[in-house]
Amino acid sequence: MVKNNMNDTINPTNRLPLTNEDTVGPYYPICYDHDDRMDLTKSIVGQQFEPKGDKIILRGRYIDKNGDGAHGALIEFWQANAQGVFRTEDTESSPEIDPHFDGYTRYRTVTGDFELKTIKSGTQLGRAPNITLTLFSDGISRLVTQVFFENEISNETDPVLMSLPQDKRDKLIARLVGEDDDNIPIYDIEIILAGEGETPFFDDFLALGWRD
Amino acid sequence: MEKLGRKLRIGPTDNTSYERTPRENLRIIPPAARDSFLPYSRVQPGIRLGENDLTRLAPDLPRADGDAIEMSGQILDDTGQPLRHALVEIWNANKYGKYAHDLDGYSAPLDPNFIGLGRMLTDEEGRYKFWTIDPGCYLARPDINRWRPKHIHLSIRGGASRLITQMYFKDAEHNDTDPMRIVMGDDFHLNIGKQYETPNIDVERGYKFDIVIRGKDSTFFE
Ligand SMILES: [Fe+2]
């Protein structure tokens with residue numbers, strides 16, 4: 001019997017064996033989804049507060065091997081605030097945290113398409129503005145990648161982009177395609193899950209023996 | 001030679017897995033970017049009393065068809081710390097293997113007394129407990145007569161830990177041909193609920209399903 005991908009890669013000392021991830025299947029409860037949170041520029045619906053930073057719209061779609069949309073999948077978005085700081089347990093009370101920006105949301109896509117209104121994250125510690133996208137879907141457990149923005153100087157030195165061959169870098173850079181009625185720039189990205197033109201995805205379990 | 005991450009396996013006989021699984025190896029995340037790959041979820045919805053009892057739609061309404069079961073357990077990170085106040089969502093098919101979800105076209109009947117969705121927050125020790133109906137299996141690939149064994153879906157989110165998985169049942173019909181069970185290999189036992197007696201409560205039996213999820217201190221292994 002073939003061993004599980006996940007526990008295979010883990011340091012065997014002092015760690016409990018992880019429960020296997022599994023596919024989300026096609027029937028994630030739609031009512032548990034927070035569609036309204038596809039606008040991260042409104043921290044509280046109906047209130048006037050807004051996060052600091054330049055508003056942007058990230059439009060995109062997940063495409064399967066046949067060119068069809070990854071319908072019914074769950075997409076998770078995660079990003080830093082305008083100062084480039086992530087909101088976590090450890091940073092919650094930091095002066096660098098924007099109390100009106102959360103940086104996390106989850107969305108169930110009907111067709112594979114998504115549109116997130118947010119702010120462009122700041123650059124800190126050599127990182128270019130980016131959004132981490134995690135896909136949970138029927139047929140796969142979890143796929144992680146990062147999306148960047150066209151025309152950012154910091155793309156040239158970002159460690160994630162630099163870790164990829166040139167043709168793969170381009171797959172992660174959203175193109176500026178226009179602006180909406182409020183002059184908010186719209187970026188567009190196509191994420192190809194499998195086959196020709198495949199988007200690079202990242203391994204957040206580092207294999208023992210592959211360490212630097 | 002360039003170092004690469006895992007190559008994901010395609011679930012045998014799973015068409016969606018064939019269409020959606022990347023063919024190239026995953027990429028290694030450079031150390032300077034690791035923090036950015038650790039989403040932190042603060043989602044805590046308003047949960048109604050009784051949302052962890054899926055066996056009836058309201059306290060005085062009839063029980064759904066089938067065996068009422070308890071599913072309970074503790075959620076830890078891999079260093080053994082309990083995952084407190086995490087959001088646990090579950091969903092499962094009814095006794096006949098049918099989901100009430102809009103997209104389920106399977107011909108088995110709906111049960112008017114069963115919606116099949118539940119959620120709760122874990123307590124101080126990371127514990128959770130649901131009552132639901134022992135789910136039926138369902139035909140996933142009519143063309144090759146491949147069934148999904150009975151299972152309960154779970155999504156867990158809390159801070160830097162999150163997991164989407166399924167609980168299976170020991171030696172259940174169709175376990176051995178399930179694509180994800182095959183991919184899990186020898187680690188399948190980690191996803192099986194352990195049956196226990198429930199003499200003093202109004203369910204037929206219980207299944208203990210303890211869960212271990214990566215936490216913020218344990219995502220990257222070096
Ligand atoms: Fe299912």
Side-chain angles (χ1 to χ4, degrees), chain A residues 1-5 7 9-11 15-27 29 32 64-66 70 72 76 78 86-89 102 104 125-127 130 132 134 136-140 143-144 146 159-160 163-164 193-195 198 200-208 210-211, chain B residues 3 5-6 8-9 11 14 16-24 26-33 35-37 39-43 76 78-80 89 91 99 101-104 117 119 153 155 159-160 163-166 180 183-187 190-191 211-214 218-222:
Chain A
M1 189 66 80
V2 181
K3 284 276 291 173
N4 166 255
N5 289 327
N7 280 314
T9 61
I10 287 166
N11 185 334
R15 300 288 186 181
L16 300 172
L18 296 170
T19 304
N20 299 290
E21 295 183 88
D22 204 334
T23 85
V24 69
Y27 307 129
Y32 287 171
D64 73 12
K65 195 170 185 302
N66 300 334
E76 208 174 61
W78 170 242
F86 291 97
R87 187 166 186 169
T88 69
E89 195 176 16
D102 192 28
Y104 172 91
L125 305 172
R127 295 306 315 280
N130 67 80
T132 298
T134 303
F136 300 93
S137 150
D138 191 21
I140 52 173
L143 275 180
V144 188
Q146 250 173 23
V160 169
S163 75
L164 299 170
L193 292 169
E198 195 171 293
F201 296 95
F202 292 86
D203 196 343
D204 52 8
F205 289 90
L206 259 196
L208 195 69
W210 289 337
R211 60 180 177 242
Chain B
K3 286 181 292 186
R6 285 171 297 153
L8 299 180
R9 289 193 62 203
D14 183 338
T16 313
S17 188
Y18 181 81
E19 289 154 5
R20 298 187 184 180
T21 304
R23 299 307 195 263
E24 295 175 18
L26 300 178
R27 299 261 160 189
I28 299 288
I29 298 168
D35 284 351
S36 66
F37 283 87
Y40 188 86
S41 162
R42 306 190 308 147
V43 175
L76 304 174
D78 59 345
T79 66
E89 299 163 333
W91 62 105
Y99 289 90
H101 195 287
D102 276 346
L103 293 176
D104 188 4
L117 314 179
R119 57 184 181 173
H153 294 269
S155 163
L163 178 75
I164 289 182
T165 192
Q166 301 176 28
M180 285 306 287
V183 169
M184 286 178 201
D186 292 344
D187 285 340
L190 296 167
N191 286 60
I211 294 166
V212 181
I213 315 186
R214 294 176 310 157
S218 53
T219 294
F220 297 99
F221 296 87
E222 300 185 77

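Just so it is clear: chains get the letters A, B, ... in the order the sequence lines come, proteins before strands, and each one is counted from 1. Predicted, not measured: the structure shown is a model, and the values here were computed from it. Both backbone and side-chain heavy atoms feed into the values below; hydrogens, waters and symmetry mates do not.
Exactly one residue among A/Asp203, A/Val160, A/Thr134 makes a side-chain contact (heavy atoms from CB on, under 4.5 Å) with B/Phe37. That residue is A/Val160.
When each of B/Ser36, B/Gly159, B/Pro30 is scored by its heavy-atom pairs under 4.5 Å with chain A, the top score falls to B/Ser36. Note: A/Leu143 leads A/Asn66, A/Leu143, A/Leu125 in heavy-atom pairs under 4.5 Å with chain B. Counting heavy-atom pairs closer than 4.5 Å to chain A, the top-ranked of the candidates B/Leu76, B/Thr21, B/Asp102 is B/Thr21. Most heavy-atom pairs under 4.5 Å with chain A: of the set B/Gly11, B/Ser155, B/Gly80, B/Ser17, this distinction falls to B/Ser17. Heavy-atom pairs under 4.5 Å with chain A peak, among B/Ile211, B/Asn191, B/Asp14, at B/Asn191. Among A/Pro159, A/Gly72, A/Gly126, A/Pro200, the residue making the largest number of heavy-atom pairs under 4.5 Å with chain B is A/Pro159. Contact tally against chain B (heavy-atom pairs below 4.5 Å) for A/Val144, A/Val24, A/Leu164, A/Asn130: the top residue is A/Val24. Taking B/Thr16, B/Leu26, B/Leu103 one by one and counting their heavy-atom pairs under 4.5 Å with chain A, the maximum is reached by B/Leu26.
Judged by a 6.0 Å distance limit and a 45° cone about the ring axis, B/Arg20 is not positioned over the six-membered ring of A/Phe136.
Annotation: the span from A/Glu89 atom CD to B/Tyr40 atom OH amounts to 4.0 Å, rounded to 0.5 Å. Between A/Trp78 atom CH2 and A/Gln146 atom CD the span is 11.5 Å, to the nearest 0.5 Å.
For A/Phe201, the parts sitting under 4.5 Å from any heavy atom of chain B are the backbone and the side chain alike. Only the backbone of A/Pro26 comes within contact range of chain B, with heavy atoms under 4.5 Å apart. Of the two parts of A/Phe86, only the side chain, counted from C-beta on, holds a non-hydrogen atom closer than 4.5 Å to a non-hydrogen atom of chain B.
Listed for the B/Gln166 side chain is a donor-acceptor partner under 3.5 Å among the backbone atoms of A/Thr23.
Across every non-hydrogen atom of A/Gly195 and B/Arg23, the tightest pair is N-CG, 4.2 Å.
In this structure, the side-chain hydrogen bond (donor to acceptor under 3.5 Å, both in side chains) partners of A/Tyr27, at least two apart in sequence or on a different chain, are B/Asp104. Judged as a side-chain hydrogen bond (donor to acceptor under 3.5 Å, both in side chains), and not counting sequence neighbours, the contacts of B/Arg42 are A/Glu92, A/Asp102.
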